[in-house]
There are 2 protein chains.
Amino acid sequence: MQTWTRSPLPILPRDAIKVACSQCNLHEICLPLGLTERELDQVDTLVMARRTIARGDAVFRAGTRFSGLYAVRSGFFKTRSISDDGRDHVTGFQMAGELLGLDGIATGEHGCDAIALEDSTVCPIPYDRLDSIAREVPGLHLGLHKIMSREIVRDHAVMQLLAGKRAEERVAAFLLSLSQRLRQRGWSPSSFLLRMTREEIGSYLGLTLETVSRTFSKLHEDGILEVKQRQVDILDEERLRHVARPGAD
Amino acid sequence: MQTWTRSPLPILPRDAIKVACSQCNLHEICLPLGLTERELDQVDTLVMARRTIARGDAVFRAGTRFSGLYAVRSGFFKTRSISDDGRDHVTGFQMAGELLGLDGIATGEHGCDAIALEDSTVCPIPYDRLDSIAREVPGLHLGLHKIMSREIVRDHAVMQLLAGKRAEERVAAFLLSLSQRLRQRGWSPSSFLLRMTREEIGSYLGLTLETVSRTFSKLHEDGILEVKQRQVDILDEERLRHVARPGAD
DNA sequence: CGTCGAATTGACTTACATCAATGAAGGTGG
DNA sequence: CCACCTTCATTGATGTAAGTCAATTCGACG
């Protein structure tokens, strides 16, 4: 059924398809954010092809050479890294319009694995070409700076959450963050399917899978959520907000 | 005694002194990292003056307009932000050669307070000038990207630590990180004075000040550290490493 | 229908927080 | 110079949120 996505251009990999940022409905939240039409045309030469990633597969793995970033075109990812003592840790979840691989610029090697949690597509963005095109499109640098800066802000928020919040607050904040990002993309912010396991949520939030599960049950008992396996329905966003930030009024 | 640092140029603020990156002994770890002599000369026009910050004062505060970054020239800082629910949290400690303010690029507002923990000096780097100079010095963009990327990598390491490690491991990792950064700067990595309180360490590591104190005592009892108030002497770095990453070999 | 990974729930343990008292260091003013 | 105060650090006693271990249950898939 989807055979039309398969290489009309025999030179490219089978799963690649030519695509332009200017035509992409994500360009308002993705890298080309805030560029003019003219500038967008130049950026179009950047992203040559899409790559499809099957559920469970990696876009890149920790330790491999960094050659560029990947914009999530569709689907859902987790990034995970193995810590010095062998335990592994989920550092984030990424959805359409978000960038993978920012942590590789520093060292020239990817610092984590980027794993697809469902069948997904990404737009590879070669870093050297990005850099040279950005010389003619100054807004592109600003855009990238902003994206990296936003990542830092987000990480700080997560650090705050891990350092200071209790299990219930963490889980509530996590759900609200998902909800808000879904809303931005035009999907339902109150009814959605979790793409990750309880264990992956727990790893991200610094909790065990049992605690995550119990917390979902608790929020359910309290009438704030409907949870059935991976299906989540937020019944009372206001109270969920309240759970996430106790003490604030 | 230090009056010679005070404005030989009456136009500048009293505590400002003209300074060049090319003459700065920090340019190997600071922003101009990896630039040629020629390029450095151009960058010299960027940083016009130093600013001194008294202990306890802020370089900038959360919510104020972002106008640029600040390179720590000397001294020691903490960054702290107030979370949505009113508690405050230390997001990092910065020493000579490190940049303050990266999280402000995203929103155009500073996301945290940057407080001097001892009398310090910073080099203000106006963002718009940085951006325009970077057009002629491409390495500067790469440098900034690398610095931001490194910040992301570090934040992920902290997240890992907060999510997965126990008190003793956190404190050990914290001391090792300090030690390593001191070594990079040519100071003693094994004998140093902590610039922050137990409470600030605790806030950063997601622990109470009591737990931090107890953990120091424990490491002392085990013969790994000498700790007397703020003075720390690492007696056995190898074992400290071992405490920080249990289970690894 | 049986198998397997994921999720839920319960009983028990523990690492760390909380509460509280005491002790050192450093700065200020008489 | 010493007495005083404030801030920071240490140490102990007790409480609790979340981890651990273990048993079911649920759903998806072959």
Side-chain angles (χ1 to χ4, degrees), chain A residues 54-56 76 78 87 89-90 115 117-119 161-175 193-222 225-233 243-244 246-247, chain B residues 54-56 76 78 87 89-90 115 117-119 161-175 193-222 225-233 243-244 246-247:
Chain A
R55 175 184 167 159
F76 205 93
K78 70 171 175 184
R87 285 175 289 201
H89 176 242
V90 173
I115 312 280
L117 295 180
E118 59 181 327
D119 292 350
L161 180 140
L162 291 172
K165 291 190 184 272
R166 295 176 313 101
E168 208 181 5
E169 309 168 32
R170 296 187 200 183
V171 171
F174 169 72
L175 289 173
L193 211 57
L194 296 173
R195 261 55 228 228
M196 69 296 279
T197 66
R198 302 291 190 259
E199 185 167 22
E200 286 160 340
I201 297 173
S203 171
Y204 180 61
L205 295 178
L207 302 169
T208 59
L209 66 98
E210 291 96 329
T211 300
V212 173
S213 180
R214 273 186 252 269
T215 305
F216 278 142
S217 301
K218 171 72 163 31
L219 292 171
H220 174 65
E221 282 167 35
D222 293 350
L225 295 181
E226 198 68 54
V227 208
K228 204 187 272 176
Q229 305 285 124
R230 303 259 178 123
Q231 174 64 40
V232 171
D233 291 78
V243 171
Chain B
R55 175 185 166 156
F76 204 93
K78 70 171 175 184
R87 285 174 291 199
H89 175 241
V90 173
I115 314 280
L117 295 181
E118 59 181 329
D119 292 352
L161 181 142
L162 291 170
K165 292 190 184 271
R166 294 176 309 103
E168 208 181 5
E169 310 169 29
R170 295 187 203 185
V171 171
F174 169 72
L175 289 174
L193 211 57
L194 295 173
R195 260 59 224 225
M196 69 295 280
T197 66
R198 302 290 189 260
E199 186 168 21
E200 286 161 339
I201 297 172
S203 171
Y204 179 62
L205 295 178
L207 302 170
T208 58
L209 66 97
E210 292 95 330
T211 299
V212 173
S213 180
R214 274 186 250 270
T215 305
F216 278 142
S217 301
K218 172 73 163 29
L219 292 171
H220 175 66
E221 282 167 36
D222 293 351
L225 295 180
E226 199 68 54
V227 208
K228 204 187 271 174
Q229 304 287 126
R230 304 259 179 124
Q231 175 64 41
V232 171
D233 290 79
V243 171

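Heavy atoms only: backbone and side chains are in, while hydrogens, waters and symmetry mates are out. These numbers come from a predicted model, not from an experiment. Chain letters run A, B, ... following the sequence lines, proteins first and then strands; every chain starts at 1.
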Asker: Quick one, which residues of residues 195-206 of chain B touch DNA chain C with a heavy atom under 4.0 Å?
Answerer: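 The answer is G206(B).
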Asker: Any base atoms under 4.0 Å from R214(B), or only sugar-phosphate, or nothing? Heavy atoms, all strands.
Answerer: base
Asker: If I take atom CG in residue L162(B) and atom P in nucleotide dA18(D), what distance separates them, rounded to the nearest angstrom?
Answerer: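 From L162(B) CG to dA18(D) P: 15 Å.
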Asker: Within the 4.5 Å heavy-atom criterion, are D222(A) and E168(A) side-chain neighbours or not?
Answerer: yes
Asker: Quick one: does any side-chain atom of R198(B) pair with a main-chain N or O of Q229(B) as donor and acceptor, under 3.5 Å?
Answerer: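 Yes, the answer is positive, given that a donor and an acceptor are paired below the 3.5 Å cut-off.
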Asker: So which of V90(B), T215(B), V171(B) actually passes side-chain contact (heavy atoms from CB on, under 4.5 Å) with L205(B)?
Answerer: V171(B)
Asker: So R166(B), base contact, sugar-phosphate only, or nothing? Heavy-atom distance under 4.0 Å.
Answerer: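 Sugar-phosphate, no base atom in range.
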Asker: Counting just side-chain N and O atoms, does T208(A) come under 4.0 Å of either OP1 or OP2 of dG19(D)?
Answerer: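 For dG19(D), OP1 or OP2 has a side-chain N or O of T208(A) closer than 4.0 Å.
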Asker: Using a 4.5 Å cut-off on heavy atoms from C-beta on, say whether the side chain of T197(B) contacts that of L209(B).
Answerer: no
Asker: By nearest atom, which of the nucleotides dT8(C), dA17(C), dT11(D) is closest to the L207(B) side chain?
Answerer: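 Among the listed nucleotides, the one closest to the side chain of L207(B) is dA17(C).
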Asker: Rounded to whole Å, how long is the line connecting atom CD of Q231(A) with atom C1' of dA7(C)?
Answerer: 15 Å
Asker: Give a yes or no answer on whether the side chain of R195(B) reaches the backbone of R230(B) with a donor-acceptor pair at less than 3.5 Å.
Answerer: no
Asker: Considering only side-chain heavy atoms of R230(B), which listed nucleotide, dA7(C), dT11(D), dC8(D), is closest?
Answerer: dC8(D)
Asker: So which atom in V227(B) and which in F216(B) form the shortest heavy-atom distance, rounded to 0.1 Å?
Answerer: CG2-O, 3.9 Å
Asker: Mind checking whether R170(A) and L162(A) have side chains closer than 4.5 Å, heavy atoms only?
Answerer: yes
Asker: Atom NZ of K165(A) to atom C1' of dC16(C): distance rounded to whole Å?
Answerer: 19 Å
Asker: Measure from CD on E210(B) to P on dT22(C) and round the result to the nearest Å.
Answerer: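 It is 16 Å, rounded to the nearest whole Å.
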Asker: S203(A) side chain to E199(A) main-chain N or O, any donor-acceptor pair under 3.5 Å?
Answerer: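 A pair under 3.5 Å: no.
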Asker: Using a heavy-atom cut-off of under 4.0 Å over every strand shown, decide if L209(B) touches base, sugar-phosphate, or nothing.
Answerer: base
Asker: Between T211(B) and dA17(C), does any side-chain N or O lie under 4.0 Å from OP1 or OP2?
Answerer: yes
Asker: Nearest whole angstrom, please: distance from the P of dT8(C) to the CG of L225(A).
Answerer: 11 Å
Asker: Please state how far atom CZ in F216(B) lies from atom C1' in dC8(D), giving the value in whole angstrom units.
Answerer: 13 Å
Asker: Could you walk me through whether E221(A) and K218(A) satisfy the salt bridge (Lys or Arg N to Asp or Glu O under 4.0 Å) test, starting with their C-alpha distance in whole Å, then the side-chain angles of each, then the deciding distance to 0.1 Å, before giving a yes or no?
Answerer: CA-CA 5 Å; E221(A) 282 167 35; K218(A) 171 72 163 31; over 6 Å; no
Asker: Could you tell me if the side chain of Y204(B) sits less than 4.5 Å from the side chain of M196(B), heavy atoms only?
Answerer: no
Asker: Whole Å only: how far is the CZ atom of R55(A) from the P atom of dG5(C)?
Answerer: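 About 13 Å, once rounded to whole Å.
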Asker: So, is S213(A) close to the dT9(C) phosphate, meaning a side-chain N or O under 4.0 Å from OP1 or OP2?
Answerer: no
Asker: Nearest-Å distance, CG (L219(B)) to P (dT10(D))?
Answerer: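 Rounded to the whole Å, the gap is 12 Å.
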Asker: Taking only N/O atoms, report every protein-nucleotides 23-28 of chain D pair under 3.5 Å with atom names and distance.
Answerer:
none

